[in-house]
Amino acid sequence: MSSFAGRMKEYPNISLDCFDRDNLHARAYFLSHCHKDHMRGIKGPKLKRRLRSSSRVKLYCSPVSKELLLSSRKHLFWEQYIVPLELESPTQISLVDEASGESEELVVTLLPAGHCPGSVMFLFEGRRGNVLYTGDFRLALGDVARMEHLHSGGRVKDIQSVYVDSTFFDPRFYQIPSRETCVSAIVRLVGDWIARSALHVVWLNCKAAYGYEYLFTRLGQEFNTRVHVDNLLMFRRMPEILSYVTCERRTQIHACRHRKSQQYVHGNRLPCACGTGADLRVLSIKPSTMWFGERTHASDVVIKSGNDAFRACFSFHSSYCEVKDFLSYLQPVQVFPNVVPMGSTLAEVTRMLRMTCRKRPRDDLAYKPLGLLKRRRRLATLTTAPPDDPDSDDDLFDGLAAALPKKLPRTSRHHPDEHRAPRAAPQATPHTAPHATPEENSLWLVARDRSDINNFMDCTESNDDDDSEEDEQSDRDQTKWLGQRGSPCGEPPKWEDFFTVDSQNNLNGQRQARRPFSPALSGPSSEREDDDDDVADFSLSLSASDHSWQKRDASEADEPPPSSQSSSDFDVACTPDSKRPTPEQLARLYRKLADGDDLSCPD
DNA sequence: GCGATCAGCT
DNA sequence: CACAGCTGATCGC
């Protein structure tokens with residue numbers, strides 16, 4: 001649970017994920033995602049008064065968070081103040097003091113956080129330095145190295161402070177099995193059960209929150225069915241989810257809830273009281289976080305907890321290892337915890353976070369911008385000497401090979417000075433995303449047919465905020481509406497799709513492959529670990545594979561990071577057939593680099 | 001009556 | 001295996 005008080009010391013004029021007390025005076029608000037513990041005070045009367053008396057104060061969030069927030073009637077008053085921002089699209093915001101007219105400029109970039117639908121991290125760049133607020137996040141090892149907007153000129157940006165999700169930043173929570181591992185295990189468990197007979201049903205005992213959607217859709221896709229949930233309203237403009245959930249009770253997979261869910265299920269009845277109960281066999285699966293120590297083999301991601309009852313591993317938050325990887329890569333000057341882990345103290349978590357901070361000032365002047373050179377040289381070598389481990393390298397280098405004749409796909413779309421000359425934030429216009437059509441902007445927000453949406457709104461309105469007895473008529477209406485849309489459709493969305501809105505996505509899900517941003521190629525710690533000849537080590541960094549990286553990280557967990565970043569950028573692991581360049585070759589390469597020639601062509 | 005806070009529960 | 005959030009009691013405005 002977040003205990004972040006809402007303000008960052010570098011930019012105290014803005015408030016994040018907190019809307020009461022001192023935050024009532026913020027010049028702008030930011031919402032990382034729509035969990036209640038990040039929305040404290042968001043519907044308070046004092047805040048409403050503040051909004052009404054202000055002509056400038058806005059709430060910035062992802063387009064998905066906007067939809068989720070406005071799916072509750074209690075939050076509708078926010079509509080005219082919300083400015084949805086696309087992910088990975090730097091936006092300039094003017095923070096104006098309405099009394100004095102004084103203004104401060106700030107550039108904000110939303111980055112995917114992998115926590116729940118719509119969840120983002122905020123990168124702020126302004127007069128007081130670069131600051132990253134993570135909100136809650138679940139990022140895998142190596143993910144941070146692929147985030148373009150955390151890099152500049154081929155290296156990681158100089159980050160002053162990170163306000164980090166420290167929920168599991170405690171060595172007890174050393175590793176948590178990957179999302180894919182956990183979901184696959186749940187799919188197997190569900191599949192084995194519901195195959196027994198049509199009367200065998202599964203109840204997913206999910207906590208009330210967004211975040212399980214990719215599990216629902218995966219199950220829906222695997223078993224060509226829909227998951228029964230209490231309310232569809234919040235997904236009304238998210239067809240990728242809507243296709244796999246239903247208010248129709250007659251399905252074998254349920255994630256519905258009732259105040260007395262536990263009692264129902266113990267009595268072999270579903271919370272929705274589907275059927276008489278006597279003839280159903282209900283398997284209860286409770287998604288819960290499981291963690292494993294540094295040397296524990298994380299094999300059992302599903303545990304039997306009783307008759308027809310299981311716990312299955314499922315985490316919305318990054319493990320200790322993942323947070324450590326994230327921070328060690330960014331090397332901020334300071335880190336602040338947003339959460340005190342269970343059983344720990346603020347002092348303890350702060351002390352441990354400090355260990356991930358920068359040990360000495362960055363020496364940017366000594367830096368030679370050879371990140372691209374490394375990569376190109378490595379690639380040129382690979383064209384004649386493929387790596388031993390295709391799984392680790394192929395995927396990454398395929399993308400680069402395709403990109404090589406041109407510039408990097410993403411960077412080529414932007415002006416090099418984009419960060420210095422970001423676009424200005426638009427004025428808030430309800431239901432209008434800035435600078436692009438909804439189709440261009442968001443996989444989520446596209447309503448295939450506006451009349452369908454209106455129709456849907458009409459028939460689901462009665463369920464909004466209604467926690468009393470079930471509404472049979474509403475159930476039927478929703479089912480009818482969904483029936484008109486047909487059965488679960490097409491290509492299944494991937495889990496990433498539920499957490500991010502990539503502006504490059506198009507409607508058909510023909511997502512541009514998410515190519516690694518160049519620093520990823522030197523691995524999470526390569527700038528600090530210059531291991532000349534260890535090809536395997538370099539490949540592990542490249543693979544970003546949970547398994548391989550965990551093994552490596554586990555063996556080095558307690559070692560202090562090497563102090564030197566000063567070794568040559570050519571001190572890169574070589575493939576077996578390659579040779580270390582001679583000084584003459586180096587000079588030629590430098591000249592080519594300066595001339596902007598294609599470095600992938602061998603001399 | 002409403003909001004804030006906390007304990008208890010799942 | 002510990003997240004997120006609901007419910008109810010209590011207190012104050």
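Here is the naming used below: chain letters follow the sequence lines, and residue numbers restart at 1 for every chain.
Closest to the side chain of A:I303, out of C:dG5, C:dC1, C:dC3, is C:dC1. Counting only heavy atoms from C-beta on, A:W291 has its side chain closest to C:dC1 among C:dA4, C:dC3, C:dC1. Of the candidates C:dA4, C:dG5, B:dG3, C:dA4 carries the atom nearest the A:H115 side chain, counting heavy atoms from C-beta on. Of the candidate nucleotides B:dG3, C:dG5, C:dC3, B:dG3 has the atom lying nearest to any side-chain atom of A:P45. When distances are taken from the side chain of A:M290 to each of C:dC1, B:dG3, C:dA2, the shortest belongs to C:dC1.
Put simply, A:R311 has a side-chain N or O that comes within less than 4.0 Å of OP1 or OP2 on C:dA2. Remark: A:R21 is not in phosphate contact with B:dG3, judged by side-chain N or O atoms under 4.0 Å from OP1 or OP2. Residue A:S288 places at least one side-chain N or O under 4.0 Å from the OP1 or OP2 atom of C:dA2. Residue A:K36 places at least one side-chain N or O under 4.0 Å from the OP1 or OP2 atom of C:dC6.
Checked by atom type, the side-chain pair A:E213/A:T217 shows no donor-acceptor distance below 3.5 Å. With 3.5 Å as the limit, one finds a donor-acceptor pair spanning the side chains of A:D136 and A:H38. Between the side chains of A:Y163 and A:E10, a donor-acceptor pair is found at a separation under 3.5 Å.
Taking the six-membered ring where the residue is Trp, the centroids of A:Y320 and A:F292 are separated by 6.0 Å or more.
For A:K207 against B:dT10, a side-chain-to-base donor-acceptor contact under 3.5 Å is present.
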